[in-house]
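Note: hydrogens, waters and symmetry copies are ignored here, and every other heavy atom, side chains too, is used. Model, not experiment: these values are computed from the prediction. We name chains A, B, ... by the order of the sequence lines, and we start the count at 1 in each one.
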2 protein chains.
Amino acid sequence: MDNSRKILTDRKVSITNPRILVLEELLGTKNPITVDELLSKLENKVAKSTLYRVLNDLKNINILNEFSTPDNQSVVELILEDHTHHHHLFCSDCGEIIDVEMAKEFENKLSKEIKRIEKEFNFIIEDHRLELFGKCTDLCLNCK
Amino acid sequence: MDNSRKILTDRKVSITNPRILVLEELLGTKNPITVDELLSKLENKVAKSTLYRVLNDLKNINILNEFSTPDNQSVVELILEDHTHHHHLFCSDCGEIIDVEMAKEFENKLSKEIKRIEKEFNFIIEDHRLELFGKCTDLCLNCK
DNA sequence: AACAAAAATGAGACTTAATCTCATTTACTG
DNA sequence: CAGTAAATGAGATTAAGTCTCATTTTTGTT
Ligand SMILES: [Mn+2]
Ligand SMILES: [Mn+2]
Ligand SMILES: [Zn+2]
Ligand SMILES: [Zn+2]
């Protein structure tokens with residue numbers, strides 16, 4: 001049984017063609033992908049309404065992370081077991097989005113600071129997101 | 001000369017009624033405000049198309065920060081001289097958005113970690129954004 | 001394998017935040 | 001107080017995302 005089917009059965013979600021196609025696509029891209037790109041890659045294979053429904057299904061079983069680019073393009077990425085907590089780096093030249101793991105020590109400091117803020121504002125903080133904006137240098141393949 | 005007029009003249013932007021009205025509204029709210037809220041507060045005073053144009057003008061003179069809520073509502077806030085670098089805390093119960101200043105020491109650690117990442121990914125990082133998601137506790141006026 | 005019930009899909013209508021157009025109004029300059 | 005450039009209002013337009021509903025697919029049961 002191949003990867004995408006297993007992902008679905010493991011989570012007791014029925015196996016359908018659109019779900020497999022979307023999963024294959026997401027498994028096939030190393031970096032996060034915009035929903036727009038996903039739409040055009042699956043054009044004529046999965047209906048737009050179905051794509052959005054499938055993405056929603058994947059969110060419901062907690063294997064899809066969704067966020068936005070600085071210019072509000074919707075972006076998705078699979079989060080499977082091997083995909084640990086990380087953040088994102090956005091290039092404003094080529095639009096590339098890169099997964100970034102911060103140093104363990106830094107994440108510890110962040111956790112502590114978050115605890116402080118929970119007290120200061122009487123909040124329960126459940127999640128955080130750190131986004132880095134900039135430009136890749138001349139080594140970037142996309143930017144040339 | 002009142003505050004909002006001064007903001008415009010200082011930046012060599014012509015003084016118009018819509019610009020003054022939008023600025024007054026933004027100056028009058030302590031926390032960031034959704035564009036939707038702004039629209040309804042200025043209903044019948046500023047046309048929708050004009051509101052978006054004015055917000056764009058304010059961005060161009062670098063006194064407006066725009067970001068999105070976790071559910072993709074567009075949010076704006078003035079950033080004047082007194083408004084230092086900070087981050088945001090979102091309550092998923094009442095929708096409140098709160099300005100948060102992280103401890104100086106933490107921001108220093110973050111800067112260092114960012115420098116490390118610049119090298120690792122051969123990037124020039126120009127900006128960052130840290131968002132905290134959670135719930136305000138029973139002390140929250142909005143949540144009751 | 002055939003069947004029935006439940007679930008998912010495709011096609012396209014619909015919603016709505018944001019942008020665009022263009023005729024009219026307003027702001028600045030001398 | 002012109003004359004010119006800039007800004008505005010009203011409404012059309014665009015497009016990401018949602019919704020509807022008739023048809024198809026999946027899955028569990030004989
Ligand atoms: Mn990622
Ligand atoms: Mn703020
Ligand atoms: Zn780049
Ligand atoms: Zn709250």
Side-chain angles (χ1 to χ4, degrees), chain A residues 1-2 4-25 32-61 63-76 95 97, chain B residues 1-2 4-25 32-61 63-76 95 97:
Chain A
M1 174 183 267
D2 58 21
S4 55
R5 294 180 114 84
K6 178 160 170 41
I7 290 172
L8 295 172
T9 47
D10 281 359
R11 286 159 182 91
K12 302 190 197 345
V13 170
S14 67
I15 293 173
T16 67
N17 221 252
R19 284 176 182 160
I20 289 171
L21 288 170
V22 172
L23 277 176
E24 303 275 70
E25 205 58 68
I33 181 175
T34 65
V35 172
D36 229 43
E37 249 174 290
L38 204 48
L39 253 172
S40 65
K41 285 195 176 182
L42 294 173
E43 202 162 48
N44 309 329
K45 288 194 226 147
V46 177
K48 183 176 58 143
S49 50
T50 303
L51 174 60
Y52 281 106
R53 268 183 304 226
V54 167
L55 291 178
N56 215 55
D57 296 337
L58 300 181
K59 268 193 251 174
N60 286 337
I61 57 176
I63 62 169
L64 192 80
N65 186 22
E66 180 164 15
F67 54 94
S68 298
T69 65
D71 52 326
N72 263 323
Q73 277 261 291
S74 191
V75 178
V76 292
I97 305 165
Chain B
M1 172 183 269
D2 56 22
S4 55
R5 293 180 113 84
K6 179 161 170 39
I7 290 173
L8 294 172
T9 46
D10 281 359
R11 286 159 182 91
K12 303 185 195 347
V13 170
S14 68
I15 294 174
T16 67
N17 222 251
R19 284 175 181 160
I20 290 170
L21 289 171
V22 172
L23 277 175
E24 303 275 70
E25 204 59 64
I33 181 174
T34 65
V35 172
D36 228 45
E37 249 174 289
L38 204 49
L39 254 171
S40 66
K41 284 194 176 183
L42 294 173
E43 202 161 48
N44 310 327
K45 287 192 225 145
V46 177
K48 184 176 57 141
S49 50
T50 303
L51 173 60
Y52 281 105
R53 269 184 301 228
V54 168
L55 291 178
N56 215 55
D57 297 336
L58 300 182
K59 268 193 252 175
N60 286 336
I61 57 177
I63 62 168
L64 192 79
N65 186 21
E66 178 163 18
F67 54 94
S68 299
T69 64
D71 51 326
N72 264 322
Q73 277 262 291
S74 191
V75 178
V76 292
I97 305 165

Given D/dT8, D/dG17, C/dT9, the nucleotide with the shortest approach to the side chain of A/Arg19: C/dT9
Upstream residue (5' side of DNA chain C) when A/Val46 and B/Val13 are each assigned their closest nucleotide: A/Val46
Between C1' of C/dC28 and CZ of B/Arg5, the distance in whole Å: 13 Å
Nearest-0.5 Å distance, CG of residue A/Asn60 to CG of residue A/Leu55: 11.0 Å
D/dT25 phosphate, OP1 or OP2, under 4.0 Å from A/Thr16 side-chain N/O: no
A/Arg11 side, atom CZ; A/Ile63 side, atom CD1 - distance, nearest 0.5 Å: 5.0 Å
Rounded distance in Å - CD (A/Gln73) to C1' (C/dA17): 15 Å
Touch class at under 4.0 angstrom, heavy-atom based, for B/Lys12 against every strand present: nothing
Closest nucleotide among D/dG9, C/dT9, C/dA18 to the B/Ala47 side chain: D/dG9
Sugar-phosphate, base or nothing in reach of A/Ser14, heavy atoms under 4.0 Å: sugar-phosphate
Between C1' of C/dA7 and CG of A/Asn60, the distance in whole Å: 15 Å
Passing option when B/Arg19 is tested against B/Asn17, B/Thr16, B/Leu21 for side chain to side chain contact (heavy atoms under 4.5 Å, CB included): B/Thr16
Sole residue of A/Leu58, A/Asp57, A/Val54 in side chain to side chain contact (heavy atoms under 4.5 Å, CB included) with A/Leu64: A/Leu58
Atom pair distance, as rounded to whole Å: CG in A/Leu51 and C1' in D/dG17: 11 Å
Position toward the 5' end of DNA chain C (nearest nucleotide), A/Thr50 or B/Val35: A/Thr50
Point-to-point distance, once rounded to the nearest 0.5 Å, from OG1 of A/Thr50 to CG of A/Asn56: 12.5 Å
Length of the CD-C1' vector between A/Glu43 and C/dG10, whole Å: 14 Å
Nearest listed nucleotide, side chain of B/Ser49, among D/dA10, D/dA7, D/dG17: D/dA10
d(CG, A/Leu21; C1', C/dT9) in whole Å: 13 Å
Contact nearer the 5' end of DNA chain D, comparing B/Asp57 with A/Ser74: B/Asp57
Closest to side chain of B/Arg53, choosing from D/dG17, C/dT9, D/dT8: D/dT8
N/O (side chain, B/Tyr52) to phosphate O (OP1/OP2, C/dT19) under 4.0 Å: no
Atom-pair distance (CG on A/Leu42; P on C/dG10), nearest Å: 11 Å
A/Asn44 CG - C/dT9 C1' separation (whole Å): 15 Å
Closest to side chain of A/Lys48, choosing from C/dG10, C/dA13, C/dT19: C/dA13
